[in-house]
Amino acid sequence: MASNIKIKAKISGDLVEIKSLMIHPMETGARKDPETGALIPQHHITQLTFTHNDQVALVANLSTAISKNPYFSYKASGAKAGDVLKVSWVDNLGGTDELETVLK
Amino acid sequence: MGRALANRRSLRRLMLITVLIALTGCATEFERRFDEAERLRSEAAAAGSEWLETGDLLEQAQQAASRDDLDAAMALVERARFQAEMAIKQAAHEADNWAGRVVK
Amino acid sequence: MRKAAAVPGAIVAALLVQQTALAGPEEDRLALVAHFQSRFPDIPFAEFANGIYAIDSDARSQWLEIEEFPPYEFAVERGRELWQKALPDGTMLADCFAAQLPDIRGQFPNFDVASGEVITLELAINDCRIENNQPPLEYDSSEMIDLTAYLAFEARGTKVDVRVPDDQPGALAAYESGKRFYYSKRGQLNFACADCHVTSAGQWVRADRLSASIGHTTHFPVYRSKLGGMISLQKRFAGCIRDVRAKPFELQSTQYRNLEYFLSYMSNGLEWNGPGARK
Amino acid sequence: MQIGRRFVLKAGVALATIAALPRTLLAAAWPADAFSAKTATEALNSLLGSDQTTPSDQIELDVPVIAENGAVVPITISTTLSNVEAISIVVEKNPRPLAAMFEIMPGTLPEISSRIKMGETSDVMAVVKTDSGSYSTSKQVKVTIGGCGG
């Protein structure tokens, strides 16, 4: 199966720009199921962590106000080809996902 | 052809209703009007011109009738009939007028 | 046309009626392109493939932000995996198509002489499955959407070139039926597709600006932010028809396939640029 | 990292606790109180210990004037302030105003983009926490109810 996290990284000089997209419903808990009328329980990523070669680069603490299928981008210095980039998240229901990629 | 068939079908239904009236003495005015509205709805559908709610209105009318809320049922049938008639008129009007709108 | 200007009105009217009856698909298309180019003189023809984002700059910049990393990329990836997976009897979907991968999307819609019907990409995919003893996919299933998203992605950059063969009266009839659908008012609100997307393109309906007809079919399936998911072109037809408060038709009904045939022809010359992202 | 982990293994105690809370080693815990706050003031108080931030023109907040769709509003925040520790997004009129808080580690530039949800037209505030205080800038984003496309 295809991964539920995607990463695009672009190195220019010393800088790397990292873009990431992941599949997650990011349910607010206020939305109703159109068929049953029942509230759909809150379900959202709480913490998303980016690491470069095991060093934490960015931690995103999130609420349900992040759009469904979340997207993030940031830039970091001191990056070079061969560096290992890892993205991982945990959500409020205990779900997790992660993806590791090597910068090219 | 289709219309003749439909007429014959509704004639048969009318005969059935007459028998029912004779047997039960009940008011089947609703059923008569319902069938008429349903016939018009399917005529509009055959012309590819049925409106969004017409079928739902007829369904709601049937539900109201099964609750013995005859006033509501009649009002709903009336709205459905009106919509179906308008949709048929619309289709006839468009048959003569659509081509005039084509950009030349 | 210029000559006609000197002729009395009634004759002009008669000539116009006759012209309408005689206008073929290519005349229709050129007239529509000319209509939009005179309405939006600053928009290059190729840009119409981007729909409303060709017209509205604030919306365009938001769209470009989404395109930085569009959620449809997941659909494309899943579609690629489905495409590369053999059916149980060993057949590849690709075996059913005569064209190379980038050209498959552009082969549809077309008119099939044998069945006398318009064949869409979705129909062709299901025909392939049925021939190989597989159940057809639901038209709005994620598998179908993913496959069409992948084929749309592979077709990027090729040009729309829908054919209505002169020697096929059935093809012209299907085209004409789609055209009639597009220009006929329907529903409680009494709107034709063309009322919004030809006559009023660029104007506002409540908080939305109306896109132009040409380019409407180039970028499907699309990821709708509003839905948080992908939808097909025909599902979008159904949405528009519901919006004018008419009863939508079944996906891949004759009505929708003929409409797709007509409307795709109107986009001839533009690039296939699916899958897309829309609000 | 590597040494720390080996140390824990050697210690042989509290292993389960550490494993259950790996992120506490990496970053602060998810600030539940700030995220459940119902006003921007409460959220900032909880997050920064004060709702007072210094308006700064060294923060660039890029958001649309009119959101195409309130469910997906692109946002980019960058700043030339130095020693940035965190960047937060506060949507004042959302039921829970704090949308996100990004912890910027050394080596990471203070420039992030995301896509957020907005329930209605509101001021959107970018709050930058540095080692010398909290700074902010705000912009209004209009959210409209769609016609046919929306």
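Residue numbers begin at 1 in each chain, while the letters A, B, ... track the order of the sequences. Because only heavy atoms are used, hydrogens play no part in the values below, and waters and symmetry mates are left out as well, while side chains stay in.
Taking chain A as the reference chain and counting heavy-atom pairs below 4.5 Å, the highest number among D/A100, D/G119, D/S114, D/S36 is found for D/S114. Counting heavy-atom pairs closer than 4.5 Å to chain A, the top residue among D/I104, D/I89, D/L109 is D/L109.
In this structure, the portions of D/I112 lying under 4.5 Å from any heavy atom of chain A include both its backbone and its side chain. For A/K19, no part lies near chain D; criterion is any non-hydrogen pair under 4.5 Å. Looking at A/I45, there are no atoms closer than 4.5 Å to chain D (heavy atoms on both sides), in backbone or side chain.
D/T108 places no side-chain N or O within donor-acceptor distance of the main-chain N or O of A/A76, the cut-off being under 3.5 Å.
Here the CG atom belonging to A/L15 is positioned 9.0 Å from the CD atom belonging to D/E111, to the nearest 0.5 angstrom.
Using modelled atom types, one finds no donor on one side chain facing an acceptor on the other under 3.5 Å when comparing A/H43 with A/N92. With 3.5 Å as the limit, one finds no donor-acceptor pair spanning the side chains of A/N4 and A/D97.
D/Q58 CD: more than 12 foreign heavy atoms inside a 6.0 Å radius.
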